[in-house]
Structure formats: structure tokens, C-alpha cells
Amino acid sequence: MFRVRFAPSPTGYLHIGSARTFIFNWLYARHNGGTMILRIDDTDVERNTQASLDSIFEGLKWLDLNWDEFYRQSERGDLHRKLANEILAKGHAYRDFTPAVTTEGEHSGGWLFNPGMRELSTEESERRAAAGEPFVVRYRVPRESRESVSFTDLVYGPQTKATADIEDFALLRSSGVPTYHMASCADDADLRISHIIRGQDHLTNTFKHQLIFEALGVEAPNFAHLPLLIAPDGAKLSKRKHGPVVSVTTYRDAGFLPHAFVNFVCLLGWSPKDDREKLTRQELTDIFTLEGVNRSNATINFTDADPFDPKAVWLNAEMIRTMPLDELAAQLLPFVAVELPRIRQIAPLIQERIKLLSEIKTVADFIFHDALAPYDAAELIPQKGDAAMAASALASAEEILATATFNHDGLDKALRAGAELLKVKAGQMFQPIRVAVCGRKNAPPLFETLEVLGREVCLSRIAAARRLLKESA
RNA sequence: GGCGCUAUCGUCUAACGGUUAGGACAGAGCCCUCUCAAGGCUUAAAUACGAGUUCGAUUCUCGUUAGCGCUACCA
């Protein structure tokens, strides 16, 4: 019975590291025929935002990742408090009436608990609580009765920590609201989570969680911690420091294919061990195992100039190149204000020229704008040619295009014949035409481009180019 | 500071204790070609450092160094 959960706290948008955690959980669940649970860990009322919650749903929707059960911690407070009080009643926790220390508080060197509070008698504790004195409930780490706490991580192996190094952490805040540790463990126990797959930043917290599960009298779930995703500067990814490049929606808006993103992220901290890189979703679910997860942090390689990891871009370009044209056209639709049938015509022209879907706007700009952006007449002059050659090529092209069969083969034949007649190389004939119709030298192949543009547009742009050439002479 | 985790090309990674340390991306060069791409071929590039165990260490042990994480009434 495999039950896994992704438990984000809605205090920022869905970022790439969280997305990977979801994906690994999802893959693990699907691989094992288990249950994927989405649980919103919103116990920190101060920092929760609706925008953040929306961003989580938006991101997961885009990635086309689903879940089988959904919970919100804020609706389960009764359970958390009940279990916390059980722990208190059993004597595994105590009330700490010490007021929260101010910022200049003196707890500099390794205090584990507030002296005296652990030893308060039950009677006094009850009395002061009843009198309305504020308190937090702290776990009573069993330093006297026990040397250490241990568990075996499915990724990092056997882990042990001395109880002497674990502080008496809070279970309930003075407001009565459970802390992350309490709420998380209470829910994991109640939801019968079998495997907790989460970021390595929780590895040392796991000893505390182990203690909570024990106090609750339930068997602890299995743990698998994932190496962290870090920025090229070695720091943990953060919006403040690294900007929107860490947000999943940034990838979407830039024109990544959802699966390219998933594929890329899977390669960070996990390997199929057989040199395969491009993997379909089915292949990923088939071969994903925790044994393939490695232990060292992975750097996402980006710069200010180039905000996306080159490998992610490459994967995206690969998928764009190999996908059916109808599907590509559908993916391209949100990026331009053009009808689907027209995009379908353009798609073959740009399929192997764009790395990101959004690049359709620049690579095929000459199709979307009636008027070409101004260009220098010198651009029209072919390699090893002069203005006269450009002029005659364009004059000839105008004539040819007026009557030629307007498809690839027809244009190919007619234009090559025209070049021969002018005694110029094919390239010298084509270049002026390309610049005339596209407004620049680098563009998709000529014949297909002419065909998609249509006779009328081509002729008028060539006429305009001839005028430009004359004016600049 | 304390505790923990990690360390292979620039990046992501592979390698039962025995390999010329492999692959991919990015880079460089060549080819193909109507430009740009795409594609093909070639190339450069790594075991953090020091001990130990062993016939033999990227792999096991210890130490050093570095990076990261945790050390909250954040999650």
C-alpha cells in the first residue's frame, strides 16, 4: 500500500524544486500503483497567500500532474491539537511558559530547552495554563533514557543523531496553532502516508518527526530525501536572489513544453543509469526508482543573459522537432494571435528553428506583420554580387513569381531556371528574394516561405524591395 | 559555534575494488547546404587534497578543505 504526499506551504509560487518533489512523488506513486496526495501545509497563517495557492494549482495543471486525494492542513487543526495534547498527556511534551525571546535574546550558544520548564509539576503546569498564562508546548526529548534517534533513509542510508543534539522543539504555538512539525506528522500519521519523499533540507528534521511518531504510538513512514536544487552561485534557489527563473510558470510562459520541463527536472538528482536522457512520461513511470536518486545537490545552470538551463532548452527543442505538426500547432496557439489553421501552415517552417515555443514570434515575424520592419538596402545584395545583380534578380523574380506554380517544387524549378538565365548562382538569386520577402538574411527555407506567404504578398514585397534599391542607388 | 549531509569534465550524470574514467548539454573544428537551422563526423574537458587498507582505490576507512542543510512560537 503506497501512499505518498506533496505538501507545499503556500508562501510563494510553485518553484522548480517543489515541482521536482511533486514529480518524484507522483512518479513513485504511479510506478507502484499507489496513491498521490496533495496536501496544502498552510499552518503559517501570517505568510499564506491566495496568489501562492493559485500558482501551485496553475503550475501543476500546466505540467498535467494529477493527484488522488486533497487536504488542507488549516481545516485539520482539531486533529493536530488533539494529537499534540495526547503527546502532552502522555508526558512526552511539556508546557513552556517562558515568553518568546526578543530579537536581542541571549540564546546564542546551543540551548536545548528553557531550564526549569521541563521540570514543572503537572499540577503547576495545569494551574498556570488554567490561569491563562501563555505557553508553547514543547517535545520532551528523552536525553536521559536514550542515546540517539535513528532511521534509515531510502536515499541517504542509515541516519543517527544523538538526543543530546536535538532541542526541545515546539509542537503548539502560544496561539494554540500547531507548528509545522506537529501538523505534518499528525497528518502523515492520520493519512497513513507510507513514504515521505521530500527535500534534503528536512533530513535533520526527520529525527524530530521520528520522535513525534513514536510519541503518537504509530509506525513512522519510510523516508526518502532528495538532493537540493541550487543556483549557479551555490545558493538555494530563491525569488529574491534569482528572480522569476525559479518559478514554474516562467518556464511555461517562455514556451517550454510541459513534458520537456518534467523530463529536465527528472534528470536533476536522478538518473536512469543507462545514458538515456529523453524519456516519455510512460518511460519515466516505468523506470523510476528511489535507487536512482543520488545524494549531492544539483546546480541548475542559468545566467542573467540566459535564464534557462541549456539542457532544458535542448530537451525542449528536441521535443518540438520530433512532435507531430498538429500537436505543435496546438502548443504554439497561445503564443500568437493567429488562427490554428494558419499556425499549422507555419509550423513546418519553424519546427526545427525554435527552441522555445515563444520564438515563433521572432522567427516567423515576417508572416505576422503586414509591413516588414525597415531594413538596409545593402542587405539585398547577394554574396560576391552588387546592387545591379540584386536588381536584376529581383526583377526576374517578380516576373517569375507572377506566373509560377506557387508550391515548393514549382518555385524551386522556376527560380533555379531564372538564376541560370541570369548566369548567377542559385544562392545569389535566392538571397535578394529572401531579404525582400522576410526583411532579413536569416530565415526559413525560401520556397516553403514563399508558398506560405502567398503570391500577392511576395510580389508586393519584392516591388517594395526594388524601389528601396533604386532609392538607395 | 554545534550537529548533519555532500564532493567525477563548465553543467547534469555513468562506472560488482581491475575501463584508454563512459554519455549528454554547452564549447571548438570540419562536412552537408539557397541563408538560418537541423543533421553527420571530429575534438577539448573531470575523480577536491592528504594518509590508510589492498596486488590494485573514483569506489572502502580516517583526516583536511570546501559547499550545502538544520540549529524559530517558518515550512
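The sequence lines fix the lettering, A, B, ..., with proteins before strands; numbering per chain opens at 1.
- When both distances must be under 3.5 Å, the Watson-Crick or G-U wobble mate of rG10(B) is rC25(B).
- Here the separation of rG17(B) from rG39(B), taken at their C1' atoms, is 42 Å to the nearest Å.
- When heavy atoms are screened at a 4.0 angstrom cut-off, His181(A) is found touching base atoms of the nucleic acid.
- Between Arg416(A) and Asp412(A) there is a salt bridge, with a side-chain nitrogen of the basic residue lying less than 4.0 Å from a carboxylate oxygen of the acidic one.
- A salt bridge does not link Asp187(A) to Arg5(A): none of the charged nitrogens lies less than 4.0 Å from a carboxylate oxygen.
- Nucleic acid contact class of Pro445(A) (heavy atoms, under 4.0 Å, all strands): base.
- Spacing between rA57(B) and rU71(B) at atom C1', rounded to whole Å, works out to 36 Å.
- Nucleic acid contact class of Lys278(A) (heavy atoms, under 4.0 Å, all strands): none.
- Remark: Gln200(A) is not in phosphate contact with rC68(B), judged by side-chain N or O atoms under 4.0 Å from OP1 or OP2.
- The side chain of Arg321(A) has rG39(B) as its nearest neighbour among rU35(B), rU11(B), rG39(B).
- As judged by a 4.0 angstrom heavy-atom cut-off over every strand, Ser9(A) is placed among residues touching the sugar-phosphate backbone only.
- In this structure, of rU6(B), rC68(B), rC73(B), it is rC68(B) that holds the atom nearest to the side chain of Asn297(A).
- Nucleic acid contact for Gly269(A): sugar-phosphate only, since backbone atoms but no base atoms lie under 4.0 Å from a heavy atom of the residue.
- The side chain of Asp41(A) approaches rA75(B) more closely than any other nucleotide in the set rC68(B), rA75(B), rG39(B).
- Distances from the side chain of Asn442(A) to the nucleotides rU35(B), rA75(B), rA37(B) place rU35(B) closest.
- Residue Ala443(A) is in base contact, counting any heavy-atom pair closer than 4.0 Å across all strands shown.
- Within the structure, a side-chain polar atom (N or O) of Lys273(A) is placed less than 4.0 Å from OP1 or OP2 of rA14(B).
- Of the candidates rG69(B), rU6(B), rG39(B), rU6(B) carries the atom nearest the Arg295(A) side chain, counting heavy atoms from C-beta on.
- Taking 4.0 Å as the cut-off between side-chain N and carboxylate O, Glu448(A) and Arg353(A) do not count as a salt-bridged pair.
- Distances shorter than 4.0 Å separate some side-chain N or O of Asn294(A) from OP1 or OP2 on rU13(B).
- Within the structure, a side-chain polar atom (N or O) of Arg416(A) is placed less than 4.0 Å from OP1 or OP2 of rC34(B).
- Among the atoms of the strands shown, only primed sugar atoms or phosphate atoms (P, OP1, OP2) are found under 4.0 Å from some heavy atom of Glu318(A).
- Of the candidate nucleotides rA37(B), rC5(B), rA14(B), rC5(B) has the atom nearest to the side chain of Gln159(A).
- Pairing partner, rC16(B): none, since no Watson-Crick or wobble contact has both distances short of 3.5 Å.
- Closest approach of Pro382(A) to Met389(A), counting heavy atoms only: CG-SD, 3.5 Å.
- Nucleotide rG39(B) forms a Watson-Crick or G-U wobble pair with rC31(B), both donor-acceptor distances falling under 3.5 Å.
- Side chain Asn205(A) to base rA75(B): a donor-acceptor pair is found below 3.5 Å.
- Look at rU54(B): it lacks any Watson-Crick or wobble partner with both distances under 3.5 angstrom.
- The side chain of Ala298(A) approaches rC12(B) more closely than any other nucleotide in the set rG39(B), rC5(B), rC12(B).
- One finds no salt bridge joining Lys311(A) and Asp309(A) here, because no Lys/Arg side-chain nitrogen approaches an Asp/Glu carboxylate oxygen to under 4.0 Å.
- Taking the side chain of Arg434(A) as heavy atoms from C-beta on, and the options rA75(B), rC73(B), rC34(B), the nearest nucleotide is rC34(B).
- Using a 4.0 Å heavy-atom cutoff across all strands shown, Thr43(A) reaches sugar-phosphate atoms only and no base atom.
- Using Watson-Crick or G-U wobble geometry with both donor-acceptor distances under 3.5 Å, rA44(B) finds no partner in any strand shown.
- In summary, Lys208(A) and Glu167(A) engage in a salt bridge, as defined by a charged side-chain N under 4.0 Å from a carboxylate O.
- Taking CD of Gln73(A) as the reference point, atom NE2 of His80(A) lies at 4.5 Å (rounded to 0.5 Å).
- Other residues, nucleotides and ligands place no more than 12 heavy atoms under 6.0 Å from the CD atom of Glu420(A).
- Residue Leu446(A) is classed as a base contact, given a heavy-atom separation below 4.0 Å to a base.
- Here rC49(B) sits opposite rG63(B) as a Watson-Crick or G-U wobble pair (both hydrogen-bonding atom distances under 3.5 Å).
- Remark: the Asp275(A) side chain and the rG22(B) base include a donor-acceptor N/O pair separated by less than 3.5 Å.
- For the OP1/OP2 pair of rA38(B) and a distance below 4.0 Å, the side-chain nitrogens and oxygens of Lys355(A) include at least one atom meeting the criterion.
- On the P atoms, rC41(B) is 15 Å away from rC32(B), given to the nearest whole Å.
- Across all strands shown, rG69(B) forms a Watson-Crick or G-U wobble pair with rC3(B), both key distances being under 3.5 Å.
- Of the C1' atoms belonging to rU11(B) and rA45(B), the separation is 12 Å, rounded to the nearest Å.
- Within the 4.0 angstrom heavy-atom criterion, no nucleotide atom of any strand lies near Pro8(A).
- Side chains of Phe207(A) and Ser148(A) form no contact here, defined as non-hydrogen atoms less than 4.5 Å apart.
- Set against rC12(B), rG39(B), rU6(B), the side chain of Ser296(A) has rU6(B) as its closest nucleotide.
- For Tyr156(A), whose side chain is taken as the heavy atoms from C-beta onward, the closest listed nucleotide among rA37(B), rC5(B), rC34(B) is rC5(B).
- Applying the 4.0 Å criterion to OP1 and OP2 of rA75(B), one finds that Thr179(A) has every side-chain N and O outside that range.
- When heavy atoms are screened at a 4.0 angstrom cut-off, Phe447(A) is found touching base atoms of the nucleic acid.
- Phosphate contact (OP1/OP2 of rU71(B), side-chain N/O of Thr204(A), threshold under 4.0 Å): absent.
- Among the heavy atoms of the strands, none lies under 4.0 Å from Arg440(A).
- Nucleotides rA28(B) and rA44(B) have their C1' atoms positioned 8 Å apart, rounded to a whole Å.
- The phosphate of rC73(B) has OP1 or OP2 within less than 4.0 Å of a side-chain N or O from Arg138(A).
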